[in-house]
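The shown structure was predicted, so the numbers you read here are calculated from the model rather than taken from an experiment. Order of the sequence lines fixes the chain letters, A, B, ..., with proteins taken first and strands second; residue numbering starts at 1 for each chain. Below, each value reflects all heavy atoms present in this structure, side chains not excepted, and no hydrogens, waters or symmetry copies.
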2 protein chains.
Amino acid sequence: MTPHKEDYLKALYELGGSEHLVSNKQIADLLKIAPASVSEMLGKMSREGLIQYEPYKGSRLTQSGLQLAISLVRGHQLWEVFLIRHLGYSWSESHEDAEMLEHITPPRLAARLDRFLNYPAYCPHGNVIPKADGQVENAALEPLKDLSVGEKSKIRRVDEERELLDYLESLGIEIGSPVAVLAIAPYEGPLTLDLDGRNVQISYKAACQIYVDQIHDPDTNNTIF
Amino acid sequence: MTPHKEDYLKALYELGGSEHLVSNKQIADLLKIAPASVSEMLGKMSREGLIQYEPYKGSRLTQSGLQLAISLVRGHQLWEVFLIRHLGYSWSESHEDAEMLEHITPPRLAARLDRFLNYPAYCPHGNVIPKADGQVENAALEPLKDLSVGEKSKIRRVDEERELLDYLESLGIEIGSPVAVLAIAPYEGPLTLDLDGRNVQISYKAACQIYVDQIHDPDTNNTIF
DNA sequence: TTTAAAAATTAGGTATACCTAAAATAGGAG
DNA sequence: CTCCTATTTTAGGTATACCTAATTTTTAAA
Ligand SMILES: [Mn+2]
Ligand SMILES: [Mn+2]
Ligand SMILES: [Mn+2]
Ligand SMILES: [Mn+2]
């Protein structure tokens, strides 16, 4: 295993490669690597049994590839918790450094870090932290933008992009905060939120990357409760 | 910078490359790399201004190479302190994992880890931890084997080799313990120690790799005090 | 001062992982 | 069903960092 292959595994995992085929282009875009290089690497990883590769169709993780991908994600998130809780990192800083630390986190280190952190269930950005055995359970969430005016929910997760994270942190947005939409300006205009009693305005784009407890049926768009 | 070059810098530093020329062979032996590869890499690092390389003579660190080497050592030792104090690592385990972590420890991370650990002065094996500005101050030590029967000193540092570390830890030897030599068996036989009141036998080889406060003048071999 | 061993360099080659450019394929629009 | 375009693959090439084998240089012994 090399950090490069690990990045491919993680990319595949994040793009849904544990459930369905993922196109080379998606991987190339995410990792910012030329499509030709992606083909080459995927071919090699296929021969190594990490992925199942169907030329011209796409690739998905094998059982062993999935295990590796999950343990990388686990290491990443545990480090984020450490960096934020104990070293005073910001949301975006923790993601940056965890991106490197994940590659040198053997199971022994992950296990001891996990214990030190008291077995956290979520990373600071709200993602579920896989257990040592690879177990992952995702709650049903929906983007904040899909909340209607007046509906109440709770902030559960945010996308991990530097600019977004810095923006959200400057607004004081936190995982777990109760939130309600007070107003939605038209034409992808800003949303006015009641954030745990505080009045906050956020961009539409940000509202697409903040996730709250699902209160709408994803098919019919009817309120679930 | 790559982890490989970083390993060369650290090797050069550990072999005294901040003070005098170091031969290619020493580096090759330490890093377990073929001498031909070492020549090649040193040539490149010389062109990059990291070392001063005199073909057929040896190499030494430049100012910038020394700074890098020191910050690697600093990262390494800070991680060791963390792994032992907070994650319950053993002496040998901490060295192993720190060997990898040191390569992904940007100054920001080192600074915050340093603060979290409350600015430790020594690594768990007794080495001085360089300060952020590169300052290093070494105390005068001598090998435990050079102590005469009856002389009292304190254990200050041990060499970092897996087998030695596991051996010493199993004997309950700790940095800072008062120690006196009760008997020295002839022909490189074992030493019997009074270790903080306890009676302990250690091999001659181990006594060469344990360092105590210097009480002999290194030139005349007379007792200093 | 010669000579032999040790150390270092050079030459030639491997594997990894990336690139660009060219050719092949697939899938949707008409 | 035929094109066209987006995607993918193949071909050829780069850089890094390692190797072994052959040659050169240094050093130290005779
Ligand atoms: Mn992250
Ligand atoms: Mn996270
Ligand atoms: Mn160490
Ligand atoms: Mn140490």
Open item on the list: Please pick, from D:dT9, C:dA26, C:dT20, the nucleotide with the shortest atom-to-atom distance to any side-chain atom of A:Lys57.
Closed with: C:dA26

Open item on the list: Among C:dC18, C:dG12, D:dT10, which nucleotide has an atom closest to any side-chain atom of A:Tyr8?
Closed with: C:dC18

Open item on the list: For a quick test of reading the model: is some side-chain N or O of B:Lys25 closer than 4.0 Å to OP1 or OP2 of D:dT26?
Closed with: no

Open item on the list: Quick check on DNA chain C: between A:Glu48 and B:Glu54, whose nearest nucleotide comes earlier from the 5' end?
Closed with: B:Glu54

- [ ] Check whether any side-chain nitrogen or oxygen of B:Thr2 sits under 4.0 Å from OP1 or OP2 of D:dA17, and answer yes or no.
- [x] yes

TODO: Please confirm whether B:His76 and B:His95 have ring centers closer than 6.0 angstrom.
DONE: yes

Open item on the list: Could you tell me how far apart B:Asp29 (CG) and C:dA6 (P) are, to the nearest whole angstrom?
Closed with: 14 Å

Open item on the list: By nearest atom, which of the nucleotides C:dA8, D:dC18, C:dT20 is closest to the B:Ser39 side chain?
Closed with: C:dA8

Open item on the list: Whole angstroms only, please: what is the NZ-C1' distance between B:Lys32 and D:dT20?
Closed with: 20 Å

Open item on the list: On the nucleotide C:dA7, are OP1 or OP2 found under 4.0 Å from the side-chain N or O atoms that B:Ser23 carries?
Closed with: no

Open item on the list: Distance check needed: D:dT7 C1' versus A:Tyr53 OH, whole Å only.
Closed with: 11 Å

TODO: Using heavy atoms to find the nearest nucleotide of DNA chain D for B:Tyr56 and B:His4 separately, return the residue whose nucleotide is more 5′.
DONE: B:His4

Task: Any donor-acceptor pair under 3.5 Å from A:Arg85 side chain to A:Leu117 backbone - done: yes

Open item on the list: Looking at B:Ser37, I'd like to know whether one of its side-chain N or O atoms comes within less than 4.0 Å of OP1 or OP2 on D:dA17.
Closed with: no

Task: 5' priority, DNA chain C, between B:Glu40 and A:Ala36 [closest heavy atom] - done: B:Glu40

Task: Between C:dA8 (P) and B:Leu21 (CG): distance, integer Å - done: 11 Å

TODO: Taking all non-hydrogen atoms of both residues into account, name the closest pair between A:Val181 and A:Ser148 and its distance.
DONE: CB-O, 4.0 Å

Open item on the list: Closest approach to the side chain of B:Lys44, judged atom by atom: which nucleotide of D:dC19, D:dT10, D:dT16 is it?
Closed with: D:dT16

TODO: Could you tell me the separation between the CE atom of B:Met45 and the C1' atom of D:dA17, rounded to a whole number of Å?
DONE: 13 Å

Open item on the list: How close do B:Leu12 and B:Arg60 get, counting heavy atoms only, and between which atoms?
Closed with: CD2-C, 4.2 Å

Task: B:Ile33 side chain, from C-beta outward: closest of D:dC19, C:dA17, C:dT9 - done: D:dC19

Open item on the list: Measure CG/A:Leu31 against P/C:dC19 and give the value in whole Å, please.
Closed with: 10 Å

Open item on the list: Nearest whole Å is fine: how far is D:dT8 P from A:Met41 CE?
Closed with: 17 Å

Open item on the list: Strictly distance-based, threshold 3.5 Å: is any side-chain N or O of B:Tyr167 a donor or acceptor partner for the main-chain N or O of B:Ser203?
Closed with: yes

